Number of protein chains: 2
Amino acid sequence: MARTGRNYPKGLARREEILEVALRIVAERGYNAATIRELAEAVSLSKTGLLHHFGTKEELFAEILRRRDQRDIESVQSVGDARELLSQILAHNADVPGLVQLYSRFSAEASDPDHRAHEYFAERYERNRVDLATMVRALQEEGHVTPAADADALGALLLAAMDGLQLQWLYDKSFDMRRSISALMSALLEPRDAPEAEQGA
Amino acid sequence: MARTGRNYPKGLARREEILEVALRIVAERGYNAATIRELAEAVSLSKTGLLHHFGTKEELFAEILRRRDQRDIESVQSVGDARELLSQILAHNADVPGLVQLYSRFSAEASDPDHRAHEYFAERYERNRVDLATMVRALQEEGHVTPAADADALGALLLAAMDGLQLQWLYDKSFDMRRSISALMSALLEPRDAPEAEQGA
DNA sequence: GTCTATACCGCGATAGAC
DNA sequence: GTCTATCGCGGTATAGAC
């Protein structure tokens, strides 16, 4: 049902418009305000008219998050320094509180095995854990992180820290997420490779 | 409205019964199934009959989480080793997936400033950050953690890691939360004080 | 104080007409 | 591809019985 019209110009344009408006509404009025009725009204459609394009509310939100991930992955390519990678993602996310709220709430809701987006997040977590563990291993091979460290466990920890810090930030926008992730990276990286370890960077 | 009858035996007994049943339903059938109608039926009350005791669904859940916090705080007193503290909390939580699910989803929902439990969580995060930072400072004074570390930033990080690891665990119950928190503690603690640092503990 | 009945609102989703 | 109509559900508010 969500597949309808993905190959027709009119339908594609509508989908883009809906995704854009949905994100704007979440950002401006919060996740709760982003109901099907509200979104439909904002793009001058009926409820069912909107559902025609995405099938369910969950698929619509999942599509928004998929695109964010895609953007993050692309931006990651341009970041050479592993130390700065997570910090830069947090910095970018701090500019789009609506997306952060959507991600945090949606990922918590979808922890229910019956949720339509459950598999999406389960796979996303698994994949990100592997990717981050790979990053830790690379740092180990380069001598920046002690070989004694458990790379897999630290990969999962980095992912957990990102999620947890963003949740705290949602409760207090003055909370400095980057400072905490920076303190963590300082602890992980060998002193000899990061002698002048500041937090604010 | 939620204050009613907190001093009368019958009302007190009902409140206890409701809290107990609510937790059981969340554990057995998930957060989504824990609706007012469902809970009321389980304790043989009408919807409004149940609401009489807690005023709103949010207050009921907040009360459950307040009690968990209280238990955690008390159990903390008996744990001397800071290294084992968070690991033990995770171990205990792994025995009550319903509570973890309730906490994760409820805390994400309440990130909305208009949510009834928003202030509760905002204060809880602030307090826990301070407490964990204090713990880090104590470790610094004892020489277990380098004085160069940012205690406040690490306090927030530890809290974030706890939340994030539990969310990942909700998606994959075979995920080892303690292994990640243990790897983090190994990185934070000076090698000379934790020479035989295993992960599985 | 404890509790029931009722009536209401907004939500997501579906069926079927156009 | 879009609409109207309708459904079931969760949460809330009020009146009033015991």
Side-chain angles (χ1 to χ4, degrees), chain A residues 1-19 21-22 25-26 29-64 102 105-106 109-110 112 114-118, chain B residues 1-19 21-22 25-26 29-64 102 105-106 109-110 112 114-118:
Chain A
M1 53 281 259
R3 307 270 175 269
T4 315
R6 72 190 190 285
N7 287 327
Y8 292 80
K10 192 175 178 182
L12 277 175
R14 271 288 196 214
R15 283 174 65 94
E16 293 304 317
E17 184 186 3
I18 292 167
L19 290 169
V21 166
I25 289 186
V26 170
R29 317 229 323 276
Y31 181 82
N32 286 334
T35 67
I36 288 188
R37 279 178 175 79
E38 197 73 34
L39 302 182
E41 191 175 330
V43 293
S44 301
L45 276 180
S46 67
K47 282 187 303 175
T48 43
L50 186 141
L51 260 332
H52 169 72
H53 295 283
F54 288 96
T56 84
K57 193 189 177 191
E58 281 75 23
E59 288 188 40
L60 198 169
F61 286 155
E63 179 61 21
I64 291 179
L102 173 61
R105 296 194 54 181
F106 202 50
E109 278 179 20
D112 187 307
D114 293 334
H115 194 282
R116 282 185 168 83
H118 183 81
Chain B
M1 54 277 265
R3 308 266 173 273
T4 316
R6 69 192 192 284
N7 288 326
Y8 291 76
K10 191 175 180 181
L12 277 176
R14 270 290 195 214
R15 283 175 64 94
E16 293 303 318
E17 185 187 1
I18 292 167
L19 290 170
V21 165
I25 288 186
V26 171
R29 317 229 323 276
Y31 181 82
N32 286 334
T35 67
I36 290 187
R37 277 182 175 83
E38 199 73 33
L39 301 181
E41 191 175 328
V43 292
S44 300
L45 276 179
S46 66
K47 279 189 303 176
T48 43
L50 183 141
L51 263 330
H52 168 72
H53 295 283
F54 288 96
T56 156
K57 193 191 177 193
E58 280 74 24
E59 287 188 40
L60 198 169
F61 287 156
E63 178 63 21
I64 290 179
L102 174 61
R105 296 194 53 180
F106 201 50
E109 278 179 20
D112 187 308
D114 293 334
H115 194 282
R116 280 187 169 82
H118 182 80

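Not measured: the values here are computed from a predicted model. Reminder, nothing fancy here: chain letters follow the sequence lines and each chain counts from 1.
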Please list, pair by pair, any protein nitrogen or oxygen found under 3.5 Å from a nitrogen or oxygen in nucleotides 4-7 of chain C.
{"residue": "dT4(C)", "atom": "OP2", "partner": "Ser46(B)", "partner atom": "N", "Å": "2.8"}
{"residue": "dT4(C)", "atom": "OP2", "partner": "Ser46(B)", "partner atom": "OG", "Å": "3.0"}
{"residue": "dA5(C)", "atom": "N6", "partner": "Thr48(B)", "partner atom": "OG1", "Å": "2.9"}

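Here dC11(C) presents its P atom at 12 Å from CD1 of Ile25(A), a figure rounded to the nearest Å. Rounded to whole angstrom, the span from the CD atom of Glu41(B) across to the P atom of dG11(D) amounts to 14 Å. Distance Glu59(B) CD to dT12(D) C1': 13 Å, rounded to the nearest Å. At whole-Å resolution of the value, CZ in Phe61(A) and P in dG12(C) are 8 Å apart. Taking atom CZ of residue Phe54(A) and atom P of nucleotide dT2(D), one finds them 12 Å apart after rounding to whole Å. Between the CD atom of Glu58(A) and the C1' atom of dC11(C) there is a distance of 12 Å, rounded to whole Å. We find that CD1 of Ile36(B) is positioned 15 Å from C1' of dC3(C), with the value rounded to whole Å. In this structure, Leu39(A) atom CG and dT2(D) atom P are separated by 16 Å, rounded to whole Å.
For the pair Ala34(B) and Val26(B), the tightest heavy-atom approach, listed with the atom from each and the gap, is CB-CG2, 3.6 Å. Across all non-hydrogen atoms, the minimal contact from Ile25(A) to Ala33(A) is CG2-O, 4.1 Å. Of all non-hydrogen atoms in Leu60(B) and Ala22(B), the two that sit nearest each other are CD2-CB, 3.8 Å.
Looking at heavy atoms from C-beta onward, Tyr31(A) lies out of side-chain contact with Asp112(B) at the 4.5 angstrom threshold. Taking 4.5 Å as the limit, every side-chain heavy atom of Arg14(A) sits out of range of all side-chain heavy atoms of His52(A). Here the side chains of Asp114(B) and Asn32(A) are not in contact, with every heavy-atom distance at 4.5 Å or above.
Counting non-hydrogen atoms of other residues, nucleotides and ligands closer than 6.0 Å to CD of Glu41(A) gives a total of 12 or fewer.
Phosphate contact (OP1/OP2 of dC3(C), side-chain N/O of Arg14(B), threshold under 4.0 Å): present. In this structure, His53(B) does not reach the dG1(C) phosphate: none of its side-chain N or O atoms is under 4.0 Å from OP1 or OP2. Contact annotation: Arg116(A) side-chain N/O to dA13(C) OP1/OP2 distance is under 4.0 Å.
Comparing the local axis fitted to the first five base pairs of the helix from dG1(C)-dC18(D) to dC18(C)-dG1(D) with the one fitted to its last five gives a bend of 10°, rounded to 10°.
A donor-acceptor pair under 3.5 Å is absent between the side-chain atoms of Arg116(B) and the main chain of Glu59(B), judged by distance alone.
Taking the ring centre of Phe106(B) as origin, the terminal cationic atom of Lys57(B) falls outside the region bounded by 6.0 Å and 45° from the ring axis.
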